[in-house]
Amino acid sequence: MIKWLPWLALLALAVLSTWASLSLNKPLPSVAKRQTGADHAFIQPVARVFDKEGQAAYDIRGTQLEHRAESDEHILTQANMRLYTQTQNGIQTALPLEQREHWNIQSERARIMADREHVQLEGQVHAERDGVLPEQRITLHAQDVTLAHKAQTASSTHPVTVDGVNWQSQSSGFQAHLATEQLEQTGRVHDRYQPPTP
């Protein structure tokens, strides 16, 4: 019996090896694609999104980015965005990216729509115009702002406060045209101007 023991062990190893080989070559069971909820998420994401012409549209970063299966939207929490504006005369696109006019935007949450052109900034929104002369800088405080990158617009139906050099303006809502640098305020508008001290 002891003579057969090594042969029995080799036979058992061969059977186990064949079973393992067959198991590894068998395809994994297919899993149905998730239809609702978050189908994947990223922690501390940093990304640059380009428009259809290949120009940088915006940079995003935050604490978590998740993709929603039911709507093909991305939801970014504690969102920090750098939105690049596209001026009508095209001068902006000729400059290096770090020198272009842009908006630094923070919000509690950003919902990047399925078309990747529209972004809904949810909760408190703080936006600061940068890459311009100091006297052209403005800061905007609003809530629930909608951005449309292709149309170069930002809007909200909630109260907004806009701070510039020596002035402040408050209104019930706003529509901003980023390419033409125009801000239209809606509802009651209250402006305050503080002339510079000599």
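Only this structure's heavy atoms are used, side chains among them; waters, hydrogens and symmetry mates stay out. Along the sequence shown, residues carry numbers from 1.
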query = Can you name the ring pair (Phe, Tyr, Trp, His ring centres under 6.0 Å) partners of His190, sequence neighbours left out?
reply = none
Check: [Y] main-chain N/O paired with [X] side-chain donor or acceptor under 3.5 Å:
| X | Y | result |
| --- | --- | --- |
| Asp163 | Thr139 | no |
| Glu66 | Ile75 | no |
| His149 | Tyr84 | yes |

Are [X] and [Y] linked by a side-chain donor-acceptor pair shorter than 3.5 Å?
| X | Y | answer |
| --- | --- | --- |
| Ser169 | Gln185 | yes |
| Asn166 | Gln194 | no |
| Gln124 | His141 | no |
| Thr63 | Thr77 | yes |

Could you tell me which non-hydrogen atom of [X] sits nearest to which non-hydrogen atom of [Y], and how far apart they are?
| X | Y | result |
| --- | --- | --- |
| Ile138 | Gly164 | CG2-CA, 4.2 Å |
| Gly173 | Ser171 | O-OG, 2.9 Å |
| Phe174 | Ala142 | CE2-CB, 4.1 Å |

ask   = Do Trp167 and Asp191 pass the side-chain contact (heavy atoms from CB on, under 4.5 Å) test, and can you show the C-alpha distance, the side-chain angles, and the key distance before you say yes or no?
value = CA-CA 7 Å; Trp167 63 272; Asp191 289 334; 5.6 Å; no
inquiry  = With salt bridge (Lys or Arg N to Asp or Glu O under 4.0 Å) as the criterion, how do Asp72 and Arg116 come out once you've worked through the C-alpha distance, each side chain's angles and the decisive distance to 0.1 Å?
reply    = CA-CA 10 Å; Asp72 194 28; Arg116 307 300 179 253; 3.4 Å; yes
ask   = How about Leu121 and Met81: do any of their side-chain heavy atoms sit closer than 4.5 Å?
value = yes
query = When rounded to the nearest 0.5 angstrom, what distance separates CD1 in Ile105 from CZ in Arg129?
reply = 13.0 Å
query = Pick one: which of Gln120, Glu122, His74, His118 meets side chain to side chain donor-acceptor pair (under 3.5 Å) with Arg111?
reply = Glu122
With Asp130 via salt bridge (charged side-chain N to carboxylate O under 4.0 Å, His left out) - residues at least two apart = Arg137
